[in-house]
Chemist: 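Sharing a structure with you now.
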Amino acid sequence: MMLALLAAGLVFCATAAASFVPANSPRVKTMGRWIPADNGSLYAGRGAVIASAEFEGTGVQVQMFSDSQGDVWWLKKLDDGPLIRFKAHMGMNVLYQNLPMGKHTLTMIRDTEGMRGVTILRGFFFVGENETAASTATAATVPTAGKGNAAATHKTVGQKTANVPETQSVQKAPRRRFIEIIGDSVAAGAFIYPEGDYFQRESGYLAFGPRLARMLNADWSCVASSGEGAVRNNEEKAPYNAKHAEEQIERAFYTQKEPRWSNEMDDPDLVILAYGENDFNDEVNRPSDAYFKEQFKKLILKLRKFRPNSVIFIMTPANTVTSQRSVPGMGGAVAELRAAGDTKVYFIDLNARGPLLNRSDFLDGVHPLASGHEKIARYLCAYACAVLGWN
């Protein structure tokens, strides 16, 4: 019923003293996989997406919903203030109030991976913003975002969410560089925070991919799912026919097959493929090197069709045991593809010069803590600068 009301545009107004700005307004800048709906909402079902907006007033509230019964955690930031973590509630969320009257910038970052469900961002209420200021800000020219910001064809969101126009563009924040991270729970930032349930302890923002992007002054998109593997998922049993990485790359939402995310919607300079941990954590029935190489090669070829212009980094797990097991297959697949002419794909063994992380950098020998993610990001940063000519 709630999602049906949202689709019809029947939402509650916070207060007459606040101007309402729908989520897909040009005032709202976005990063990551957001799908616009014809009722003004934006939908996100991948981790570490961002929405930001400038306003002039004394407070801000956000209207959000979810198709999940579980907790979805966000970070909020006002102007140059600190990042503050909060659990989003269905409906109105008061973010900041009793601010000094003036111009402010709000930033919101989803910290929880898409496995937790789809977020529906309905819009913002800017308290104290008069109609003149609101209309002026709405009409202001917004800088275009770099590659991939032109109007793109979007698939229709399924009936579980809302109908989306076939052609509607989401305004993206200005950028010079763009990185996409595709991987498992490590890429999603699992167990970075010390306490709480699984998703409360996860931080997409503090994971190595977004850290790397911030080091390089780049935007990012994080397509990471806990337990996922290239050919084997965590604790998967024969006949090994579960949903694997290849089926996930083009999904806008983890939890739904549709809508697909067209490669026309963005154009990453760099894609980091980070799998292997779940593929090799079964001591007895792990895949052979030959099988893993062939299947991983198919995964890269699928990614190359989806990302024809991107530099692709194939990254081993940080865990030295699964890293060593993944090297023959990953390295072999990359070597064959490069020999066949794809010189924009690179194999990166995190432990090629010895263990990159210390025992203290892991929670459990598998999932890095914040210090481990920082080391991974810095290691990748050197490669990105060398290969892409960035500094």
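Position 1 is the first residue of the sequence; numbering continues from there. Everything quoted here is computed from the prediction, not taken from an experiment.
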Chemist: Any chain of hydrophobic side-chain contacts (each under 4.5 Å) joining Val186 to Trp73?
Modeler: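 Unlinked, Val186 and Trp73 end up in two clusters.
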
Chemist: Taking the side chain as C-beta and beyond, is there a heavy-atom pair between Glu228 and Tyr254 under 4.5 Å?
Modeler: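 Answer yes - side chains close enough.
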
Chemist: Nearest 0.5 Å, what's the CG-NZ distance between Leu388 and Lys344?
Modeler: 8.5 Å

Chemist: Which pair of heavy atoms, one from Phe178 and one from Ser221, lies closest together, and at what distance?
Modeler: CE1-N, 3.5 Å

Chemist: Please name the pair of heavy atoms, one in Leu216 and one in Ala384, separated by the smallest distance, quoted to 0.1 Å.
Modeler: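 Reported closest heavy-atom pair: CD1-CB, 3.8 Å.
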
Chemist: So Val223 and Arg251, do their side chains get closer than 4.5 Å, heavy atoms only?
Modeler: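 Arg251 vs Val223: side chains apart.
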
Chemist: What distance separates Trp34 CH2 from Ile50 CD1, expressed to the nearest 0.5 Å?
Modeler: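 If we round to the nearest 0.5 Å, Trp34:CH2 and Ile50:CD1 are 10.0 Å apart.
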
Chemist: Starting from the C-alpha separation in whole Å, work towards a yes-or-no answer on salt bridge (Lys or Arg N to Asp or Glu O under 4.0 Å) for Glu336 and Lys297.
Modeler: CA-CA 8 Å; Glu336 290 183 6; Lys297 184 177 176 181; 3.0 Å; yes

Chemist: In terms of side-chain geometry, is the basic nitrogen of Arg307 or Glu264 positioned less than 4.0 Å from the acidic oxygen of its partner?
Modeler: no

Chemist: How close do Gly114 and Thr255 get, heavy atom to heavy atom, and via which atoms?
Modeler: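 Result for this residue pair: O-CG2, 3.8 Å.
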
Chemist: Is a side-chain N or O of Glu202 found less than 3.5 angstrom from the main chain of Phe199, in a donor-acceptor match?
Modeler: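 Between the backbone of Phe199 and the side chain of Glu202 there is no qualifying donor-acceptor contact (under 3.5 Å).
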
Chemist: Hey, are the side chains of Val28 and Ser52 touching, using non-hydrogen atoms and a 4.5 Å cut-off?
Modeler: no

Chemist: Tell me if a side-chain donor or acceptor on Asn234 pairs with a main-chain N or O of Asn278 at a distance below 3.5 Å.
Modeler: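 Looks like no, no N/O pair under 3.5 Å.
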
Chemist: May I have the step-by-step check of side chain to side chain contact (heavy atoms under 4.5 Å, CB included) for Tyr193 and Ser203, ending in yes or no?
Modeler: CA-CA 7 Å; Tyr193 290 117; Ser203 175; 3.4 Å; yes

Chemist: Do Val366 and Val327 share a hydrophobic cluster, counting only Ile, Leu, Val, Met, Phe, Trp and Tyr and linking them when any side-chain heavy atoms are less than 4.5 Å apart?
Modeler: no

Chemist: Could you check if a side-chain atom of Leu212 sits within less than 4.5 angstrom of a side-chain atom of Trp220, using non-hydrogen atoms only?
Modeler: no

Chemist: Charged N to carboxylate O under 4.0 angstrom, Lys302 versus Glu250?
Modeler: yes

Chemist: How far does CZ of Arg46 sit from CD1 of Ile181, to the nearest 0.5 angstrom?
Modeler: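 One gets 12.5 Å once the value is rounded to the nearest 0.5 Å.
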
Chemist: So does Ala51 get a backbone contact from the side chain of Thr30, meaning a donor-acceptor N/O pair under 3.5 Å?
Modeler: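 It does not hold such a pair.
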
Chemist: Which atom pair, heavy atoms only, marks the closest approach of Ser326 to Phe292?
Modeler: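 Looks like O-CE2, 4.1 Å.
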
Chemist: Whether Arg85 and Asp111 form a salt bridge (side-chain N of Lys/Arg under 4.0 Å from carboxylate O of Asp/Glu) is what I want to check.
Modeler: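 Looking at Arg85 together with Asp111, the answer is yes, because their closest N to O distance falls below 4.0 Å.
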
Chemist: Any side-chain to backbone donor/acceptor pair from Asp342 onto Arg338? Under 3.5 Å, distance only.
Modeler: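 Such a contact is absent between Asp342 side chain and Arg338 backbone.
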
Chemist: Should Asn93 and Gln61 count as side-chain neighbours, where that means a heavy-atom distance under 4.5 Å?
Modeler: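 No, every pair of side-chain atoms sits at 4.5 Å or beyond.
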
Chemist: Of the non-hydrogen atoms in Lys293 and Gly329, which two are nearest, and what is the gap between them?
Modeler: CG-O, 3.5 Å

Chemist: Going by side-chain contact (heavy atoms from CB on, under 4.5 Å), name the residues that satisfy it together with Asp361, two or more places apart in sequence or in a different chain.
Modeler: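 Partners of Asp361 by the side-chain contact (heavy atoms from CB on, under 4.5 Å) criterion, ordered by chain and then number, come out as Leu357, Asn358, Ser371, Lys375.
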
Chemist: Distance alone, cut at 3.5 Å: any donor-acceptor contact between the side chains of Trp261 and Asp266?
Modeler: yes

Chemist: Taking atom CZ of Arg122 and atom CG of Leu42, what is their separation to the nearest 0.5 Å?
Modeler: 10.0 Å

Chemist: Would you say the side chain of Ser66 lies within less than 4.5 Å of the side chain of Met90, judging by non-hydrogen atoms?
Modeler: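 With C-beta onward as the side chain, the pair touches.
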
Chemist: Ignoring hydrogens and geometry beyond distance, is a side-chain donor-acceptor pair present between Glu277 and His367 at under 3.5 Å?
Modeler: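 Their side chains do not contain a donor-acceptor pair, so the 3.5 Å distance test is not met.
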
Chemist: Show your reasoning for whether side chain to side chain contact (heavy atoms under 4.5 Å, CB included) applies to Leu83 and Tyr205.
Modeler: CA-CA 10 Å; Leu83 283 167; Tyr205 180 77; 3.3 Å; yes

Chemist: We want to know whether Arg304 and Ser310 form a side-chain donor-acceptor pair, criterion being a heavy-atom distance below 3.5 angstrom.
Modeler: no

Chemist: Between Glu283 and Arg325, does any side-chain N to carboxylate O distance fall below 4.0 Å?
Modeler: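 Yes, this pair counts.
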
Chemist: Are side-chain N/O atoms of Thr320 and Asn351 paired as donor and acceptor at under 3.5 Å?
Modeler: no

Chemist: In terms of hydrophobic clusters joined by side-chain contacts under 4.5 Å, are Phe313 and Met215 together?
Modeler: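 Phe313 and Met215: separate clusters.
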
Chemist: For His244 and Val231, indicate whether the former's side chain and the latter's backbone hold a donor-acceptor pair under 3.5 Å.
Modeler: yes

Chemist: Have Ser226 and Glu113 got a donor and an acceptor in their side chains that come within less than 3.5 Å?
Modeler: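 Ser226 vs Glu113: donor-acceptor pair found between side chains.
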
Chemist: Donor-acceptor check, side chain of Arg33 to backbone of Cys222, threshold 3.5 angstrom: yes or no?
Modeler: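 No, Arg33 side chain to Cys222 backbone: no donor-acceptor pair under 3.5 Å.
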
Chemist: Donor-acceptor pair, Ser185 side chain versus Ala188 backbone, under 3.5 Å?
Modeler: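 No.
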
Chemist: Checking Trp390 side chain against Asn217 main chain: does a donor-acceptor pair fall under 3.5 Å?
Modeler: no

Chemist: With a 4.0 Å cut-off, would you call Arg378 and Glu374 a salt bridge?
Modeler: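 Salt bridge between Arg378 and Glu374, a charged N being under 4.0 Å from a carboxylate O: yes.
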
Chemist: Counting only heavy atoms from other residues, nucleotides and ligands, does the tally under 6.0 Å from NZ of Lys87 exceed 12?
Modeler: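 Atom NZ in Lys87 is not packed in, count stays at 12 or less.
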
Chemist: Answer yes or no: is there a side-chain heavy-atom contact under 4.5 Å between Val118 and Ser68?
Modeler: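 In short, these two side chains do not touch, never coming nearer than 4.5 Å.
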
Chemist: Provide the closest heavy-atom pair for Arg27 versus Glu54 in the form atom of the first, atom of the second, distance.
Modeler: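 Minimum heavy-atom contact is NH2-O, 2.7 Å.
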
Chemist: Let me see the working for Ile314 and Ile348 under side chain to side chain contact (heavy atoms under 4.5 Å, CB included), right down to the final yes or no.
Modeler: CA-CA 6 Å; Ile314 307 302; Ile348 299 179; over 6 Å; no

Chemist: Taking salt bridge (charged side-chain N to carboxylate O under 4.0 Å, His left out) as the test, write out the residues that go with Asp184, two or more places apart.
Modeler: none

Chemist: Just by distance, do the side chain of Asp282 and the backbone of Asn285 share a donor-acceptor pair under 3.5 Å?
Modeler: yes

Chemist: Please tell me whether Phe20 and Phe126 form a close aromatic pair, meaning their ring centres lie under 6.0 Å apart.
Modeler: no

Chemist: Any sub-3.5 Å donor-acceptor pair from Lys76's side-chain atoms to Leu95's backbone N or O?
Modeler: yes

Chemist: Quick one: does Met64's side chain get under 4.5 Å of Thr119's, heavy atoms only?
Modeler: yes

Chemist: Atom CZ in Phe55, atom CD in Glu129: separation rounded to 0.5 Å?
Modeler: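 Nearest 0.5 Å value for the CZ-CD distance: 8.0 Å.
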
Chemist: CG of Asn263 to CG of Asn309: how many Å apart, nearest 0.5 Å?
Modeler: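 With rounding to 0.5 Å, CG (Asn263) is 8.5 Å from CG (Asn309).
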
Chemist: Hey, do the aromatic rings of Tyr198 and Phe191 have their centres closer than 6.0 Å?
Modeler: yes

Chemist: Do Phe86 and Tyr96 share a hydrophobic cluster (ILVMFWY, side-chain heavy atoms under 4.5 Å, transitive)?
Modeler: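 Result: yes, single cluster for both.
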
Chemist: Tell me whether Leu206 shares a hydrophobic cluster with Phe362, the cluster being built from Ile, Leu, Val, Met, Phe, Trp, Tyr side chains joined at under 4.5 Å.
Modeler: yes

Chemist: Let me see the working for His373 and Ile192 under side chain to side chain contact (heavy atoms under 4.5 Å, CB included), right down to the final yes or no.
Modeler: CA-CA 9 Å; His373 282 278; Ile192 286 181; 3.6 Å; yes

